Amino acid sequence: MRQETLKRPRVGLFVTCLVDLFRPTVGFASVKLLEEAGCEVEVPMAQTCCGQPAYNSGDREDTIAIATNTIKTFEEYDYIVAPSGSCAGMLRKHYPALFKDHAWEARAAAFSAKVHELMSFLVDVMGVDAVSAAREGNVTYHDSCSGLRELGIREQPRRLLGSVLGLKLKELKDSDVCCGFGGTFCVKYPDISNKIVEEKAANIQASGADTLLAGDLGCLMNMAGKLQRQGADIEVRHVAEVLAGMDDGPAIGGGER
Amino acid sequence: MQISSPAFKTNARGALADPHLQEALGHVRSGFIDKRQKAVDALPEFDALRESARAIKDHTLAHLDLYLEAYEEKVKASGGHVHWAETAADARSVILDICRAVGARTVTKGKSMITEEIGLNEFFEKEGIRPVETDLGEYIIQLRGEHPSHIIAPAVHLTRDQVEADFRRAHNHLPPTRDLTEPASLLSEAREVLRAQYFAADVGITGANFLVAETGSSIIVTNEGNGDLTQILPRVHIVVASIEKIVPTLADASQILRVLARSATGQEMSVYTTVSTGPRRPEDPDGPDEYHVVLLDNGRSSMLGTEFQDMLRCIRCGACMNHCPIYHAVGGHAYGWVYPGPMGAVLTPSLIGVDKAGHLPNASTFCGRCEAVCPMHIPLPKMMRHWREREFARGLNPATQRYGLKAWAFFARRPRLYRLAASFAIPALSAFGGARRRFRYLPFAGGWTRHRDLPAPESRTFLQQWRDRETRKQEART
Amino acid sequence: MSAREAILNKVRSSLGTAPSDAARAETVAKRLADAPAGVIPARGQLADKERVALFCEMAEKVSATIDRVKKPADVPKAVSTYLRARNLPASVRMGADERLRAMPWSGVKSLEVKSGRADPEDEVGVSHALAGVAESGTIALHSGTDNPTTVNFLPEHHIVVVDAKDIAGDLETVLSGLRQRFGKGKMPRTLNLITGPSRSADIQQTLLLGAHGPRALHLIVINGG
């Protein structure tokens, strides 16, 4: 437990463009988890996107412009937290490379050092090891690529899920294999992406879980979209929704059949 | 070989629709990955060896000119010949001259990707020399008139049934009653046929996993023993190797050998690691009379000193493709040239140009698994991104993608405008999703909705809702 | 300009160096002279008995078979036992290795010992290993009249005699032994490091023994018991 005498860290929530546009619940769940962990959370209005679509398309100029805006908007906070391994990876690992030999090199490095993915921030920085949520049922968890391989996120969400009352984690076969989303990849090479997400969907269905969780909305929308196209009866949610106890609304893409 | 990399998308669709290929690719997914992991887990020093291997290659590349000179001197001292070739065509003509000088009609070949790169087999056939591939996988695809689909398992795209059919067609001395239903019987048949070829050959050609500057040796690593029969039985042994295969010493080669087999097949060591130095000595009862090394550049010297230099550390283990979801989905031939998978996605544009190979570095989800398993720590995704940057700078990617990206970036660079646009578009799209809360089809999102539903936005954007909440809080306070 | 010069010039210009750079030349010369060992796995660094045991264990893991005998004189009988157990003809091919030649082959009835390089008809070859590597169960052999390289590859069965005292913990030790024997920077025509019998997994990832080289590798370890 943090001592009350310590100043509450000021956290800037980088909500990510997908959460902002498609799944605000994840944003509110993140705020709740961060506040419960003792943070003072602010959401600067000037944020847009981390710049990955441009960065991964080879458009350096736009990426730098977007990254400059992000750094300016967030550098005043003690920490910058994003509910996405992919976006946090971009801010933490790729910004420094992007600004190498640039006037903003030191500024970018200082910013990046303060960036964390939500699960990792809660467990590794704030020392959270349990949440107060409850959910009956079997869930399975997909390790999104950037979070897993760029930021080493694997045990943190599992530890927190382990504290959710009534929840049972059924490990997913090949949970560390890409779901086929890959940002713009999934629309540039839809047939290959489909083949990959088909394999993923088959593993999800074979896991015996009624709910699929992950820490990245892009992957979640991809897997949810495939499962729903197949008519599978599996709820898909961001892990933060369950941990914050905000999992009573409709699931991702989950409406009437 | 003919380049079909520009048709990657078409190739990929064909591959996805090919049931034989899909069955065969299932063996890649199950075969290599677990074996590698087991071998890695069994050696506590594996990561330290990776670091050591990387440092050796980085050091060598930084001093490549000097090591090449030192190597050449040692080869000469042991009675061998070194031939330098700037291009694939130069290498072919050097090799042809050596073969012509001994009146060669049949040439046996050990498995070598570099001779694929220079298109040696097609060239030999045109020149009236018969090339015989001796590696079982290479032999199978030679029967089929194909190229390798994997750098260490050339026939990994085929099922046993297909191989049996090829053997029946090509080995027409076989009685129909001869049982070929087991892989073992296919192997025996190939062994028998190829034994005769080793003795018939005038020249044996192998690649090299390493060239050792300390001793002037070439090293090949194989499991079948075909490379050895190829190089000890004919009168002439030609080694074809690219310039980055150099390592300083035998001790350095030993370091890299420890990560090579483990990463490739999950073996501790491949069965045969053979160090060859010059031709047979006067007292030797066997071995070739002549030993030639063809040192090929073919674009590698221009990769030095660039953001692609790290690619020259590659030791061709194949771990990147064994762990690649794209390779698993479409196999190696879809990549359209010699080198498939992540290493091919980086190397191919260097060798044939990004204008032809542009799809390759794009066809990646950047999942990073290739880099995670690469024994030489080659940052493959980063280098694919560098290719995308060069492609973008030259305006080589499709106009629709460029304009789409530019339109999106226009908003992403302007937060107020971005918020304003989103505050109109998102609630509308959300409402349009209806009670199903997802789309089965959406204009301009066909790439997505062809194969999966698109979840609809929940409601208004998070930023809209947050601002309202903050405003309400503010009002409550005042 | 020759291709050699053209390539070396391109390499130098890409690296931004000049051939006259003495510091680089010195670095390279030193590295070649010192041949520093890198990371040596702890696995093989064992006392004599355990090292030999590890060698046998690793070799068996890769499908070699092992026989341990007390002294060199026991080898011909061990070979004969191997041949009979597998219904092989009583004929072996071997080179001029004095250690092999000194063994009492005539004591084994009707065993034909052919000398010189191997023929395609030979079913069994016998070699004496230069060394063994415990770390990986590898044997090292080098070319020459003593143990012709063809004997390692043409026969279907390869029997290799390994003296326990020649079994090293790691590959580097074997290579430095070779360096002492042949002189720094010099090598025999061929050095074979062999780890198990020949194999292929090229058809549907099914592992099969005996691709082009020997189907069976039998190691007779002297004084390893």
Side-chain angles (χ1 to χ4, degrees), chain A residues 15 17 19-25 27-28 43 45-49 51 53-60 62 65-66 69 73 145-146 149-150 176-178 180-197 221-222 224-226 228-229 250 252-257, chain B residues 9 12-13 16 325-326 328-330 362-369 371-372 382 385 387-393 397 401 405-406 408-409 411-413 415 418-419 422 426 433-438 440 445-448 450-463 465-467:
Chain A
V15 71
C17 58
V19 166
D20 178 39
L21 304 178
F22 283 86
R23 192 81 182 157
T25 301
F28 289 111
V43 182
M45 283 294 132
Q47 60 181 297
T48 62
C49 165
Y55 186 53
N56 289 343
S57 300
D59 178 0
R60 234 181 148 80
D62 278 319
I66 294 165
N69 175 59
T73 308
C145 299
S146 306
R149 280 178 276 268
E150 287 183 352
D176 63 335
V177 175
C178 181
F181 171 63
T184 54
F185 169 84
C186 71
V187 288
K188 281 193 207 159
Y189 300 94
D191 301 319
I192 301 175
S193 172
N194 177 50
K195 170 74 184 169
I196 301 171
V197 73
M221 287 173 67
N222 178 42
K226 188 74 218 176
Q228 282 145 13
R229 180 64 58 91
I252 296 168
E256 289 170 16
R257 290 226 158 185
Chain B
K9 276 191 162 186
R13 266 198 295 278
L16 289 165
I326 316 298
H328 289 167
V330 301
N362 277 288
S364 162
T365 63
F366 282 160
C367 79
R369 222 174 165 208
E371 182 178 357
K382 184 175 114 184
R385 191 179 291 108
W387 277 122
R388 295 183 191 186
E389 281 166 5
R390 289 201 179 186
E391 202 188 16
F392 191 86
N397 33 3
Q401 276 173 28
L405 187 69
K406 280 289 169 196
W408 165 84
F411 287 102
R413 291 172 71 155
Y418 175 90
R419 258 196 336 275
I426 289 300
R436 295 165 56 87
R437 296 179 169 274
R438 58 182 187 268
R440 289 190 69 85
W448 181 284
R450 189 191 307 164
H451 297 294
R452 39 180 126 43
D453 291 359
L454 178 68
E458 275 184 316
S459 53
R460 298 188 304 146
T461 69
F462 176 78
L463 292 179
Q465 297 185 50
W466 181 265
R467 192 164 54 180

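Quick note: numbers below take in every heavy atom, side chains included, and nothing from hydrogens, waters or symmetry partners. Being a predicted model, the structure only gives us computed values, none of them experimental. Letters go in sequence order (proteins before strands), and every chain restarts at 1.
- Contacts of A/Phe22 with chain B are made by both backbone and side-chain atoms, with heavy-atom separations under 4.5 Å.
- In terms of heavy-atom pairs under 4.5 Å with chain A, the best-connected choice from B/Phe366, B/Trp466, B/Trp387 is B/Trp466.
- Under a 3.5 Å cut-off, the side chain of A/Lys188 and the backbone N or O of B/Gly447 do not form any donor-acceptor pair.
- With a 4.5 Å cut-off on side-chain heavy atoms, B/Trp408 and A/Cys49 count as touching.
- For chain B, the option among A/Asn194, A/Val187, A/Asp176 with the highest count of heavy-atom pairs below 4.5 Å is A/Asn194.
- Looking only at side-chain heavy atoms (C-beta outward), B/His451 and A/Cys186 stay at 4.5 Å or farther from each other.
- Counted by atom type alone, A/Ser57 and B/Gln401 present zero donor-acceptor pairs between their side chains at under 3.5 Å.
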Assess whether salt bridge (charged side-chain N to carboxylate O under 4.0 Å, His left out) is satisfied between B/Lys406 and A/Asp59, documenting all intermediate values. CA-CA 9 Å; B/Lys406 280 289 169 196; A/Asp59 178 0; 3.5 Å; yes
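- Both the backbone and the side chain of A/Asp62 come within contact range of chain B, with heavy atoms under 4.5 Å apart.
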Verify salt bridge (charged side-chain N to carboxylate O under 4.0 Å, His left out) between B/Arg450 and A/Asp191, making sure each step is shown before the conclusion. CA-CA 9 Å; B/Arg450 189 191 307 164; A/Asp191 301 319; 3.0 Å; yes
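- Proximity to chain B (any heavy atom under 4.5 Å) is shown, for A/Ser193, by both the backbone and the side chain.
- Side-chain contact, B/Arg413 with A/Thr48: no donor N or O sits under 3.5 Å from an acceptor N or O.
- Heavy-atom pairs under 4.5 Å with chain A were tallied for B/Leu405, B/Leu454, B/Val330, B/Asn397; the largest tally goes to B/Leu405.
- Side chain to side chain, A/Asn56 and B/Arg388 fail the donor-acceptor criterion of an N or O pair below 3.5 Å.
- At distances below 3.5 Å, at least one donor-acceptor pair connects side-chain atoms of A/Arg149 with backbone N or O atoms of B/Cys367.
- No other option in A/Gly51, A/Cys17, A/Cys178 has as many heavy-atom pairs under 4.5 Å with chain B as A/Cys178.
- A 4.5 Å side-chain heavy-atom check between A/Tyr189 and B/Ile326 finds every atom pair outside the cut-off.
- Not a single donor-acceptor pair under 3.5 Å links the side chain of B/Arg452 to the backbone N or O of A/Gly225.
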